[in-house]
Each structure stands twice: as structure tokens, then as C-alpha cells.
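Take a look at the structure below.
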Amino acid sequence: MPPNNGRTNTMIDTVIFDVDGTLVDSNYQHTLAWYRALRRSNITVPIWRIHRTIGMGGDKLITELAGADAEKAHGDDVRAAWDEEFEVLIDEIRPLPGTHELLMEVKHRGFRIVLASSGKAAHVERSLELIGARGLADAWTTSDDVSDSKPAPELVDTALQKVSRSSGIMVGDATWDVIAAAKLDVPTVALLTGGSSRAELRDAGAIAVFDSPQDLLDHLDITPLAYPSTQDAT
């Protein structure tokens, strides 16, 4: 449980769920794939540093880790290598405990659900199947929908546009989720499932931090996800 209830004065009707690291347990597979892809171009970055960038878009990650010169010389090759390395690991990815049940309960309470991902369409489709979200989500995004990845706010803005720019709240696992959402004044409830610490997520601006989807589900009533703005608080 978080140290306080994370309530906000903002009334919301839509929950924007990040996918990787929040609903599916994929951050460490992403980390290892980036490490191997960088090594193919003779770039060695400590794995812990790569992990800290997961959630940032692949168009920005190489510059963040290895500098602008590395991006200019090797960026496209590294991203192509990442595709190959990630495919080797993708079958290891599983839903995080409580994910499907959390989505069901949020939907039951009257919220609209948007799954926000800048991943490839095929990867997003696979995640939708893994978590049983196809009949629960009102909309979802893929890399085809955005040109500027996190920590830029475009993904969050696009998610809101999918449901007519309603009033939203973000659920994510990375500081990049919190930072991107904050740029649009969208609050974020964060989970520890991506490997970021409670302090890091709080310092980035998360209004509450829970251990996992199951932990959030168990404590929905003390969060802004207790009920949407269209439902009486009874």
C-alpha cells in the first residue's frame, strides 16, 4: 500500500494503462534484448543503466545510453537487432498477477479503458491476447499512432484522443510514464512491477504507488479509481 491514498480532486472517466511492465511482465526481457542489440554494434552499456531507460522510446534510448554519436552511427542497426533479440525472448513474457481482474473491475466501475503502448502492433496484439483485454479495452495505441515517444506526452495525448479527449488518469510502471502524463496534467498511479523504486516513482510525481496490479485491485477504493466522474460517490 502507498503511504497515502493517492486521491486527487480531478474527476476522471478514463484509465490509461501502460502495457509493458505494468500489465505484462516484460521489462527485463526488453532490457536484455537492448543489451544484446547494443553489443552487436560493439557498444557495451551496463545492464542496470539500460533497465533505467526502459519505458523510454527506442528512438531516444540509444542517445540516452550511449550518446548522439552512437545514435547517428548505429541507431537503425541497433533497433533492427533489438527486433531480432526481442523475438527470441517474447514467449517468456506473461501477464502480471491480477491484471485481467483489475481491468474487469475498472471496466465494471464505469471507466473507459485505453491501453497505451508505443510498441509494434504485433507485440501489442499479443499482449491484448495474453491479458484478455480485447473485450475490455475501449481503445489501444501502437507505434503506428505516435511519432514522438515517452517522455514526450504524445502517447498519452493520443490515448485520450482515442476516447474523445476525456479526463484521464495514467497507470504505469516507469518514471517516463509519470513524466509524460504530467506534461498533460494527467495524474499517474504507479506500480513497482517495472523495477523502479517507490521513491523514484514518487519523486517523478506519481500520486500513489502500489506493488502490482493485484495490489492496486485490492485497494481501488482508496484511489481515484474508486468511481468515475459519471458515477455518484455513494
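- Side chain of Ser117 to backbone of Val124: no donor-acceptor contact under 3.5 angstrom is found.
- The neighbour count for Asp69 CG, taken as heavy atoms of other residues, nucleotides or ligands under 6.0 Å away, does not exceed 12.
- Not a single donor-acceptor pair under 3.5 Å links the side chain of His51 to the backbone N or O of His30.
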Run the side chain to side chain contact (heavy atoms under 4.5 Å, CB included) test on Val189 and Phe210 for me, step by step, so that the C-alpha distance in whole Å, both residues' side-chain angles and the decisive distance to 0.1 Å come before the verdict. CA-CA 8 Å; Val189 171; Phe210 293 89; 3.8 Å; yes
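- A donor-acceptor distance shorter than 3.5 angstrom exists from the side chain of Thr22 to the backbone of Asp173, with no hydrogens or angles considered.
- For the pair Leu102/Glu105, no side-chain contact is recorded, criterion being any heavy-atom separation below 4.5 Å from C-beta on.
- Heavy-atom minimum distance, Met170 versus Asp18: CE-CB, 4.0 Å.
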When you look at Lys60 and Lys150, which way does the side chain to side chain contact (heavy atoms under 4.5 Å, CB included) test go after all the steps? CA-CA 8 Å; Lys60 297 174 180 173; Lys150 293 180 290 188; over 6 Å; no
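- Salt bridge Arg40/Glu84: present, at least one basic N to carboxylate O contact under 4.0 Å.
- Arg126 contributes a side-chain N or O that, together with a main-chain N or O of Ile90, makes up a donor-acceptor pair within less than 3.5 Å.
- Side-chain atoms of Arg94 do not come within 3.5 Å of backbone N or O of Asp25 as any donor-acceptor pair.
- Taken together through direct or relayed side-chain contacts under 4.5 Å among Ile, Leu, Val, Met, Phe, Trp and Tyr, Ile179 and Ile169 form parts of separate hydrophobic clusters.
- In this model, no donor atom of one side chain and acceptor atom of the other lie less than 3.5 Å apart for Gln161 and Thr158.
- Not one N or O on the side chain of Thr188 forms a donor-acceptor pair closer than 3.5 Å with the backbone of Ala190.
- A side-chain donor from one of Glu87 and His123 sits under 3.5 Å from a side-chain acceptor of the other.
- Residues Asn27 and Asp20 have side chains that never bring a donor and an acceptor to within less than 3.5 angstrom of each other.
- A donor-acceptor pair is defined here as one N or O able to donate and one able to accept, closer than 3.5 Å; no such pair exists between the side chain of Arg36 and the backbone of Trp82.
- A salt bridge links Lys120 and Asp83; the closest N-O separation between the charged side-chain nitrogens and carboxylate oxygens is under 4.0 Å.
- Scanning all heavy atoms of the two residues, the minimum distance from Pro153 to Ala180 falls at CB-O, 3.4 Å.
- Glu200 places a side-chain N or O within 3.5 Å of a backbone atom of Ser197 that can act as its donor or acceptor partner.
- Looking at Thr53, its side chain never comes within 3.5 Å of a backbone N or O of Met56 through a donor-acceptor pair.
- Distance check: Trp140 CH2 to Leu128 CG gives 5.0 Å after rounding to the nearest 0.5 Å.
- A distance-only check finds a donor-acceptor pair linking the side chain of Glu154 to the backbone of Asp148 [under 3.5 Å].
- In this structure, Arg109 and Tyr227 have side chains that are not in contact, with every pair of non-hydrogen atoms separated by 4.5 Å or more.
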Given side chain to side chain donor-acceptor pair (under 3.5 Å), test Ser41 with Asp77 step by step and report yes or no. CA-CA 8 Å; Ser41 292; Asp77 289 340; 5.2 Å; no
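- The pair Arg49-Glu64 fails the salt-bridge criterion, with no side-chain N (NZ, NE, NH1 or NH2) lying under 4.0 Å from an Asp/Glu carboxylate O.
- Under 3.5 Å, the side chains of Thr141 and Asp145 contain no donor-acceptor pair of N or O atoms.
- For the pair Leu216/Leu191, a side-chain contact is recorded, criterion being any heavy-atom separation below 4.5 Å from C-beta on.
- Of the candidates Ile113, Asp177, Ile131, Val114, Ile113 is the only one forming a side chain to side chain contact (heavy atoms under 4.5 Å, CB included) with Phe17.
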